[in-house]
Amino acid sequence: MKINQRNILLNPGPVTLSDRVRESLLKEDLCHREPEFAQLMLDIKTRLVSVYPEAIANYEAIVLTGSGTCAVEAMLSSLIPKSGKALIVTNGVYGERMAKMVKIHDKNLTVVTSPWEEPMNLQAVEQYLTQDSSFTHVVAVHHETTTGRLNDVAKLGEICRSLNIALLLDCVSSFGAETIKFSDWNLEACAATANKCLHGVPGLSFVLVKKSVFEFRSTAASSLYLDLYSYHKQQLEGYSPFTQSVQVSYALREALKELEDDGGWKSRHNLYQNRSQMIQNGLQSMGIETLLNPVNYSCVLKSYKLSLSYSYEQIHDYLKQSGFIIYAGQGGLEKTIFRIANMGNIQEDDIVNLIQCFKEIFFQETKR
Ligand SMILES: *Cc1c(COP(=O)(O)O)cnc(C)c1O
């Protein structure tokens, strides 16, 4: 099947699909209570924990129908006990969103907030954790998509491991493209989605949970729909308590196969890194600067300072005419930055064309 228009999505998910993943949507209808669907789900669960081979032995993937936020909320609601206490480390929109969730679910929490352009405040984290022994969980964002910063979870995880406090991570925009150390970081669970670095279709998300948790602790969920324990029980056999997105499941399986065929997450990391560097070099040659020191970025997305002479809308609208969708800043950064993600089925030629479009904007070069 051919589609008429190819949009090159440079927003942080959903991504431009490969033909292979798009075509996988066109398969037979299935009832989610039949064994054929259960087989598909079991296959997806196995492939998800195998993205990082270290996770295979001790973690289970729980698949939910919903966007990345659904998986993050299910993780926080189900795993932080009512009698426990969470230390939430924030330096952007997604960390702050998790603090809101934990409040809504009425759990004990302390928030260590940093300005969006700064790293996590690990000194404060260490102080809180050593002074107050009632903390059971640390909650953080791996790749803070607000700015593109890859947070120093290696250091945070080391603190968690040394104090034996469980770490819960939002890996929504890093899973499949950045290092995740399950044991070294004392990781109890991480949440992610089908439609970012895994290149699937939007509609499914998942949580990788340490299996032993289901045995030694009962659910803490204050939500029926977001209770990971009820999914866990039924998904051991491939079933789910509620209707799953069947077609999106076909696409996720195909996307995971494609990731395996392409050499796994490390190859994807290198591919993203090269794309990201190409974009950065191109924009820097026109005087467009990155918001953060380039060494602090993930391979997935970079944020760039808007120049004084062009508004975000002008740049966005011009690029959109040529098929490229870029992404605005959020909150206080709305008027000062734009963001370019480089996930999905994009080619080197696309990036060359993107840079050419920027030249047309900034130097009014005539259109080819
Ligand atoms: C995209 C994203 C989410 C979730 O977004 P959804 O729109 O719900 O899929 C959560 N955290 C981070 C870090 C993200 O980049």
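Quantities reported herein were computed from a predicted structural model and do not represent experimental measurements. Just so you know, ligand 1 is whichever comes first in the structure, and atom 1 is the first atom listed for that ligand.
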A.B. asks: My understanding is that only residues two or more places apart in sequence, or in another chain, count here; which of them pass salt bridge (charged side-chain N to carboxylate O under 4.0 Å, His left out) with Arg161?
C.D. replies: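 With neighbours one apart ignored, the set is empty.
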
A.B. asks: I'd like to check the side chain to side chain contact (heavy atoms under 4.5 Å, CB included) partners of Ser133; sequence neighbours left out, ordered by chain and number.
C.D. replies: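 By the side chain to side chain contact (heavy atoms under 4.5 Å, CB included) rule, Ser133 matches no residue at all.
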
A.B. asks: Which word best sums up how the rings of Phe362 and Phe358 line up, parallel for under 30°, tilted for 30 to 60°, or perpendicular for over 60°?
C.D. replies: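 Parallel, since the angle between the ring planes stays under 30°.
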
A.B. asks: Please name all residues satisfying ring pair (Phe, Tyr, Trp, His ring centres under 6.0 Å) with His232, sequence neighbours left out, ordered by chain then number.
C.D. replies: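 Partners of His232 by the ring pair (Phe, Tyr, Trp, His ring centres under 6.0 Å) criterion, ordered by chain and then number, come out as Phe214.
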
A.B. asks: Is there a side-chain contact between Arg20 and Asp261 (heavy atoms, below 4.5 Å)?
C.D. replies: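 Side-chain contact under 4.5 Å: yes.
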
A.B. asks: Give the protein residues with at least one non-hydrogen atom closer than 4.0 Å to an atom of ligand 1, ordered by chain and number.
C.D. replies: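 The 4.0 Å shell around ligand 1 contains Ser67, Gly68, Thr69, Tyr94, Val141, His143, Thr145, Asp170, Val172, Ser173, Lys196.
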
A.B. asks: Hey, mind stepping through Tyr318 and Tyr310 against ring pair (Phe, Tyr, Trp, His ring centres under 6.0 Å) and telling me if it holds?
C.D. replies: CA-CA 11 Å; Tyr318 188 88; Tyr310 291 91; 9.6 Å; no

